[in-house]
Amino acid sequence: MSLSTADEDSAQEIHLPADIDWQMLDKSKFFFLGAALFSGVSATLYPVVVLKTRQQVSQTQVSCGRIAFSILRHEGFRGLYRGFGTSLTGTIPARALYMTALEVTKSNVGIATVRLGFPEPTAAAIANAAAGLSAAMAAQLVWTPIDVVSQRLMVQGGISNNKNNPNNLKNPNVSSPCKYRGGIDAFRKILNADGIRGLYRGFGMSILTYAPSNAVWWASYSVTQRFVWGGIGCYYCKKDDVSKENGGNGNGSFRPDSKTVMAVQGLSAAMAGGVSALITMPLDTIKTRLQVLDGEENGKRSPTIGQTVKNLVREGGWSACYRGLGPRWASMSMSATTMITTYEFLKRLSAKNQESLT
């Protein structure tokens, strides 16, 4: 793959490593290594997800630092990993579905758009958006029940029913005894109380949140990466021009090393992740509330989307829909950076013909 940056009298060509499509992958190696690599990524970022979830279900505005301090004080370090076992169990099949749908869609749509006459950059953006959309929808079939269970476990030590505790941060052993003994117990109780619908609570909101978010992210990532490489090309183009003016020989091309490629991918992913987090934050807050806060304890029916929005606005105005934005922004940016660098590394490790990549 190569990109060209033109500047009137000169042009700079950037030679990038070859793209790896679905047909070029060793599938068994791809899924086995993917499960191991992404499990490590999930373990690293999980505490940020716990903090984000606690902020979203809190009935008042509480800082991320205060929540973290409360968890460490009352629940210990293990409190930052509540529900992680359940989450990890679902991450492996969900990631497998996600990566399969992503690569198959991107490959097929990419070929189809090029055949329809779209320019290569436009075809790449369309293919990435379609791939992100289909991947998110496929993964949510597995991930929503896991999300419901893991989020219930995340917050059961942090939600207090004591009206004199406005910040919901008292010692959980005193004000909010554990409701579930673990992932299996939570799964069984939710299934007994609400049936399959209980495990898929918020599924519609999850699709509305993650499908557009993934489409925006992958399209933004494709565009941003080209933008960054274009800037690098302009820099080297001017550098070549200066070299020629000083009697040197500009070679008109640049072949980045693996570290440079990884740095550009990480930067592009972080920028795309930040944009997606900002756009979809209200939807994610509503989804989390629907999945976590129900009426079981008070004998009431579970809240609707409309009631959830009204409750949020009543608690803190429209800004309440953005509770947890800081952790989610950080989580999505860090997750996007680690995910894309890990993903690209995984694809290169799983390629059938390693020699063709150099």
Side-chain angles (χ1 to χ4, degrees), residues 38 40-84 86-88 90-91 136 143 146-160 166-169 172 202 205-206 209-210 212-214 216-217 220 266 269-293 308 311-312 315-340 342:
F38 284 111
V41 171
S42 297
T44 302
L45 299 175
Y46 194 79
V48 182
V49 179
V50 172
L51 295 177
K52 184 267 298 183
T53 304
R54 291 275 182 106
Q55 272 195 312
Q56 288 178 319
V57 301
S58 174
Q59 294 181 5
T60 58
Q61 183 65 41
V62 186
S63 70
C64 185
R66 188 176 177 186
I67 292 176
F69 177 77
S70 176
I71 292 174
L72 291 173
R73 180 183 178 186
H74 296 302
E75 305 168 52
F77 186 75
R78 291 180 61 183
L80 294 173
Y81 279 88
R82 282 187 179 274
F84 178 67
T86 301
S87 178
L88 185 61
T91 294
W143 188 248
I146 298 299
D147 213 18
V148 170
V149 174
S150 63
Q151 285 182 340
R152 296 283 184 97
L153 295 171
M154 283 181 201
V155 304
Q156 69 176 354
I159 299 176
S160 171
N167 293 326
N168 297 323
L169 290 171
M205 285 301 301
S206 294
T209 300
Y210 294 121
S213 176
N214 269 263
V216 169
W217 189 90
S220 299
M271 293 169 66
V275 171
S276 296
L278 186 62
I279 292 173
T280 60
M281 186 64 211
L283 294 174
D284 186 68
T285 301
I286 296 168
K287 173 193 73 69
T288 301
R289 286 280 184 117
L290 286 172
Q291 291 177 331
V292 174
L293 301 180
T308 301
N311 290 339
L312 278 167
E315 290 167 14
W318 289 105
S319 62
C321 294
Y322 283 87
R323 283 179 186 161
L325 176 61
R328 186 166 189 256
W329 183 293
S331 175
M332 285 193 68
S333 295
M334 289 189 294
S335 177
T337 302
T338 53
M339 185 274 288
I340 201 64
T342 302

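What you see is a predicted model; the values in this text were computed from it and never measured.
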Could you pull out the closest heavy-atom pair between [X] and [Y], with the gap in Å?
X: Pro327; Y: Val48; answer: O-CG1, 3.3 Å
X: Ser206; Y: Lys287; answer: OG-CD, 3.1 Å
X: Leu153; Y: Arg82; answer: O-CD, 3.2 Å
X: Gln151; Y: Thr288; answer: NE2-OG1, 3.9 Å
X: Ser333; Y: Gly273; answer: OG-C, 4.3 Å
X: Ser276; Y: Ser213; answer: OG-O, 3.5 Å

Partners meeting side chain to side chain contact (heavy atoms under 4.5 Å, CB included) with [X] (sequence neighbours left out):
X: Ser63; answer: Arg66
X: Ile279; answer: Val216, Val275
X: Thr337; answer: Ala270

>> Checking side-chain contact (heavy atoms from CB on, under 4.5 Å) between Gln56 and each of Val155, Ile286, Thr285, Leu312, which is the one that passes?
In response: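 The single option meeting the side-chain contact (heavy atoms from CB on, under 4.5 Å) with Gln56 is Thr285.
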>> Using the side-chain contact (heavy atoms from CB on, under 4.5 Å) definition, which of the options Thr53, Leu51, Val50, Leu72 pairs with Ile67?
In response: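 It is Leu51, the one option of Thr53, Leu51, Val50, Leu72 that forms the side-chain contact (heavy atoms from CB on, under 4.5 Å) with Ile67.
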>> Return the CE to CE distance between Met332 and Met281, rounded to the nearest 0.5 Å.
In response: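 Interatomic distance, Met332 CE to Met281 CE, rounded to 0.5 Å: 10.0 Å.
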>> For the OG1 atom of Thr308 and the CG atom of Leu290, what is their distance to the nearest 0.5 Å?
In response: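 Thr308 OG1 to Leu290 CG: 4.0 Å, rounded to 0.5 Å.
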>> Going by side chain to side chain donor-acceptor pair (under 3.5 Å), name the residues that satisfy it together with Ser220, two or more places apart in sequence or in a different chain.
In response: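 Side chain to side chain donor-acceptor pair (under 3.5 Å) check on Ser220 returns nothing, list empty.
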> Is any side-chain heavy atom of Thr280 closer than 4.5 Å to a side-chain heavy atom of Trp217?
Replying inline: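 Heavy-atom side-chain distance check fails, nothing below 4.5 Å.
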> Hey, are the side chains of Met154 and Val49 touching, using non-hydrogen atoms and a 4.5 Å cut-off?
Replying inline: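 In short, these two side chains touch, coming nearer than 4.5 Å.
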> Looking at residues at least two apart in the chain, or sitting in another chain, which of them share a ring pair (Phe, Tyr, Trp, His ring centres under 6.0 Å) with Phe84?
Replying inline: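 Checked Phe84 against ring pair (Phe, Tyr, Trp, His ring centres under 6.0 Å); matches are Tyr46, Tyr81.
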>> Please list all pairs meeting salt bridge (Lys or Arg N to Asp or Glu O under 4.0 Å) that have one or both residues in residues 322-333, counting only residues at least two apart or in different chains.
In response: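 Sorted result for residues 322-333: Asp284-Arg328, Glu315-Arg323.
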> Does the side chain to side chain contact (heavy atoms under 4.5 Å, CB included) test come out yes or no for Ser87 and Trp143, once each step is laid out?
Replying inline: CA-CA 9 Å; Ser87 178; Trp143 188 248; 3.4 Å; yes
